[in-house]
There are 2 protein chains.
Amino acid sequence: MDKRIFKDKAYSILATMIKAMANPHRLEIVDLLGQGEKTVEEIANETSMSIANTSQHLQVLKAANLVEIRREGNFIHYKLAHEEIYISWQTLRELGLKHIAEMERLVKDFREKRNSLEALRMDELLTKMKSKNVVVLDVRPTSEYENGHIPGAVNIPIEDLATQLRKLPKNKEYVAYCRGPFCVFADDAVQLLIQKGFKAKRLEEGYPDWKIKFQTESIS
Amino acid sequence: MDKRIFKDKAYSILATMIKAMANPHRLEIVDLLGQGEKTVEEIANETSMSIANTSQHLQVLKAANLVEIRREGNFIHYKLAHEEIYISWQTLRELGLKHIAEMERLVKDFREKRNSLEALRMDELLTKMKSKNVVVLDVRPTSEYENGHIPGAVNIPIEDLATQLRKLPKNKEYVAYCRGPFCVFADDAVQLLIQKGFKAKRLEEGYPDWKIKFQTESIS
DNA sequence: TATCTATTCAATTATTTTATTGAATAGTTG
DNA sequence: CAACTATTCAATAAAATAATTGAATAGATA
């Protein structure tokens, strides 16, 4: 085979795969599926898209072998085909967060309004966790928490947090985490906690990042 | 700011960046620029594209802040804006090489014809290099070698290899490397070396991968 | 200043991508 | 088996992407 043809094919195959990711809705779907499998309807609700449009985008991801399906009755559950797909997304996400000025501004503006700008990185949280005075809050839906979480974290889904607040001691430091840097549950949690007089910060990253970094598959 | 608007903007910003990569020609350009800066004409020649088309694609990369320029007389030198951009490309490339069956077939077919299918990974080469009986050949152009290379590697650009062959001892093992997995210089080198009775394999990865993995900035 | 060189720009056309709509399908439930 | 549910499919129109061509520009040289 000619060298040029080889190269054209190699880069085309990769470009096809990357094109399947290169869409805001599909990035959000990949990010969401980092939490585990979801049905089409769940994905549509989480991403504020129509069912039909969600399905079309899922077909694109499936055609690129980025997601796999499992049928269960009428429901079709989609999940990422490999963990490396989330890692690629993570790499691209970090590239954007680090180098695109517009991205930095966007996140800063959003978090400043919620007092969640001063976020902890994973290493800092790990250090803090040894000091015993910190409570790690997983504010994702319980199903996602059960699917894996940071060891020692307490699950209070964001919609239950307001009612659960009075059970929480005020002499602790709280660190809230959720799905990832673009997940707003942790920002909402920090806003609420600080408003009520608690000391709280968010974790910059989400559970999938923790899992990849420490590979402590704690489903306990 | 509304949560949905925040998310839409965040994922859109990233999708815009990823779209700038999601094209076979632009991937080849990013891959090439991993070797260091190149002029528009050099890039056009290496990628078999017209100057105008190359320029257009470079504008796309520049608009996405993936590349930077340096003017020198009539020439404009393009380079990657950050090392993380190459790392992102590397991550996506490995994802494709590992999980796309068509990609595996393509590489296998191409290398089988050149006896270069049995490639060494970087760790294996590192081990072999300690045994002293191996010669590491950098078959890239000399300018790229001078810009950084594997410590101890000998530079014989692929077009000089045929004439330099008789100076090489036959009792050594040869490992040829070049720009990356899709660079064919190393495959050509292995084909030639084996044809002439040498023991030779290619390194799977290229110099940028070595540099990132070991960060031994040897420009000596 | 005129000419040359490297690169960019603008206009055009063909192709691909995307969202919307409503119909079709596969599987379940009464 | 009729009705229902979750999902996919097909058709359409609008928007974005890509390659080609030739003209325009910025800087160097004669």
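Protein chains get the first letters and strands the later ones, always in sequence-line order, with residue 1 at the start of each.
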What closest approach, in Å, do Ile194(B) and Ala200(B) show between heavy atoms, and which atom pair accounts for it?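 Shortest heavy-atom separation between Ile194(B) and Ala200(B) comes out as CD1-O, 3.6 Å.
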
Nearest whole angstrom, please: distance from the [atom2] of [N] to the [atom1] of [X].
X        : N       : atom1 : atom2 : result
Leu58(A) : dT8(D)  : CG    : P     : 7 Å
Ile29(A) : dT18(C) : CD1   : C1'   : 13 Å
Phe75(A) : dC4(D)  : CZ    : C1'   : 12 Å
His25(B) : dT16(C) : NE2   : P     : 13 Å
Ile51(B) : dA6(C)  : CD1   : C1'   : 8 Å
Gln59(A) : dA10(D) : CD    : P     : 11 Å
Arg70(A) : dG27(C) : CZ    : P     : 15 Å
Asn45(B) : dT7(C)  : CG    : C1'   : 14 Å

For DNA chain D, what residues of residues 31-43 of chain A have any heavy atom nearer than 4.0 Å?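 DNA chain D contact set from residues 31-43 of chain A: Thr39(A), Val40(A), Glu41(A).
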
Return no unless some side-chain N or O of Tyr78(B) is found under 4.0 Å from OP1 or OP2 of dT8(C).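 Yes, within the criterion.
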
Report yes if at least one side-chain N or O of His57(B) is closer than 4.0 Å to OP1 or OP2 of dT17(D); otherwise report no.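 Indeed not, no polar side-chain atom of His57(B) lies that close.
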
Ile85(A) and Val30(A): side-chain contact (heavy atoms from CB on, under 4.5 Å), yes or no, with the steps? CA-CA 8 Å; Ile85(A) 293 163; Val30(A) 168; 4.3 Å; yes

I would like to know whether Leu192(B) and Ile158(B) meet side-chain contact (heavy atoms from CB on, under 4.5 Å); could you show each step before the answer? CA-CA 10 Å; Leu192(B) 186 60; Ile158(B) 185 64; 5.7 Å; no

Heavy atoms of other groups near [X] [atom1], more than 12 under 6.0 Å:
X         : atom1 : result
Gln195(A) : CD    : yes
Gln164(B) : CD    : yes
Glu159(A) : CD    : yes
Glu112(A) : CD    : yes

Base, sugar-phosphate alone, or nothing: which one does Ile76(B) contact when heavy atoms must sit under 4.0 Å apart?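 Sugar-phosphate contact only - Ile76(B) comes under 4.0 Å of backbone atoms but never of a base.
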
Salt bridge or not between Asp31(A) and Arg26(A)? Use side-chain N to carboxylate O under 4.0 Å.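 Result for this pair is no, no salt bridge flagged.
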
Can you label the angle between the His99(A) ring and the His82(B) ring as parallel, tilted or perpendicular, going by 30° and 60°?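 The arrangement is parallel - the two ring planes meet at less than 30°.
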
Return a single string for nucleotides 20-30 of chain D, one symbol per nucleotide in 5' to 3' order, where B is base contact, S is sugar-phosphate-only contact and - is none, cutoff 4.0 angstrom on heavy atoms. BBB---BBS--

